[in-house]
Amino acid sequence: AHYLVGDYEQAVDWARRSTQMRSDLIPAHRVLCAGLAQQGLIVEAKVVLSRIRELQPDISISSLERFLTYSTPIGIAHFLDGLRKAGVPE
């Protein structure tokens, strides 16, 4: 919710907490990655992306588009924009 309203600091904070509690929680890693990228913290986002690739080696924008659900198309586009900025391949 924080990410979708543009509160990237809170989104990153909550995602960090989640990944610390469960290091295998891929959705939290994706929010952390996208939130860092939206804040311009690309180096940190790429570090998180490398962890995501360990957990989900085939991650791509096209695969995420197929199975992610958000309440609006704008929400998913916004989320994918952050992941693109971090370097998730198409």
Side-chain angles (χ1 to χ4, degrees):
H2 292 293
Y3 182 92
L4 292 178
V5 297
D7 189 351
Y8 305 123
E9 288 181 29
Q10 282 294 316
V12 165
D13 183 50
W14 282 103
R16 261 192 229 281
R17 291 181 199 192
S18 296
T19 59
Q20 288 168 351
M21 288 190 278
R22 287 205 37 209
S23 64
D24 63 338
L25 193 60
I26 296 171
H29 280 85
R30 289 193 302 244
V31 171
L32 178 57
C33 182
L36 289 167
Q38 292 290 20
Q39 292 181 81
L41 302 171
I42 302 302
V43 172
E44 286 183 61
K46 288 186 181 293
V47 169
V48 175
L49 179 55
S50 67
R51 175 64 179 143
I52 295 170
R53 285 185 172 139
E54 290 173 10
L55 298 168
Q56 185 182 4
D58 61 341
I59 187 171
S60 68
I61 297 298
S62 62
S63 68
L64 292 170
E65 284 176 322
R66 283 193 302 271
F67 77 85
L68 287 179
T69 57
Y70 278 83
S71 58
T72 67
I74 293 170
I76 187 129
H78 179 67
F79 183 64
L80 294 175
D81 178 59
L83 293 175
R84 279 187 181 97
K85 288 178 181 178
V88 173
E90 290 295 322

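In this chain, numbering begins with 1 at the start of the sequence shown.
Separation of atoms CG (L64) and CD (Q56) is listed at 6.0 Å; rounding is to 0.5 Å. Summarising the geometry, atom CG belonging to L32 is positioned 11.0 Å from atom CG belonging to L25; distances are rounded to the nearest 0.5 Å. With values rounded to the nearest 0.5 angstrom, E65 atom CD is found 7.0 Å from I61 atom CD1.
Both I52 and L68 belong to a common hydrophobic cluster when Ile, Leu, Val, Met, Phe, Trp and Tyr are linked at side-chain heavy-atom distances under 4.5 angstrom. Hydrophobic clustering keeps W14 apart from Y3 (ILVMFWY residues linked when any side-chain heavy atoms are closer than 4.5 Å, directly or through intermediates).
Here D81 pairs with K85 under the salt bridge (charged side-chain N to carboxylate O under 4.0 Å, His left out) rule; sequence neighbours left out. Judged as a salt bridge (charged side-chain N to carboxylate O under 4.0 Å, His left out), and not counting sequence neighbours, D58 has no contacts. The salt bridge (charged side-chain N to carboxylate O under 4.0 Å, His left out) test applied to R53 returns no partner, not counting sequence neighbours. By the side-chain contact (heavy atoms from CB on, under 4.5 Å) test, Q20 is found to be paired with no residue, residues two or more places apart in sequence or in another chain being considered. For the side-chain contact (heavy atoms from CB on, under 4.5 Å) test, residues two or more places apart in sequence or in another chain that qualify with S63 are S60, R66. S50 meets the side-chain contact (heavy atoms from CB on, under 4.5 Å) test with no other residue; sequence neighbours excluded. Not a single side chain to side chain donor-acceptor pair (under 3.5 Å) links Q39 to another residue, sequence neighbours left out.
For the pair F79 and V31, the minimum side-chain heavy-atom distance is below 4.5 Å.
Side-chain atoms of R51 come within 3.5 Å of backbone atoms of S23 as a donor-acceptor pair (strictly under, hydrogens ignored).
Scanning both residues, L49 and A86, for their nearest heavy atoms gives CD2-O, 3.4 Å. Considering every non-hydrogen atom in both L4 and G75, the closest pair reads CD2-O, 3.7 Å. Of all heavy-atom pairs spanning A28 and A15, the tightest one is O-CB, 3.4 Å.
Each salt bridge (charged side-chain N to carboxylate O under 4.0 Å, His left out) pair with one or both residues in residues 31-50, not counting sequence neighbours, appears once here: R16-E44. Here salt bridge (charged side-chain N to carboxylate O under 4.0 Å, His left out) pairs that include residues 4-14, with residues two or more places apart or in two chains, are D13-R17.
Ring pair Y8/H78 is parallel by interplanar angle, where below 30° counts as parallel and above 60° as perpendicular.
Through direct or relayed side-chain contacts under 4.5 Å between Ile, Leu, Val, Met, Phe, Trp and Tyr, L55 connects to I26.
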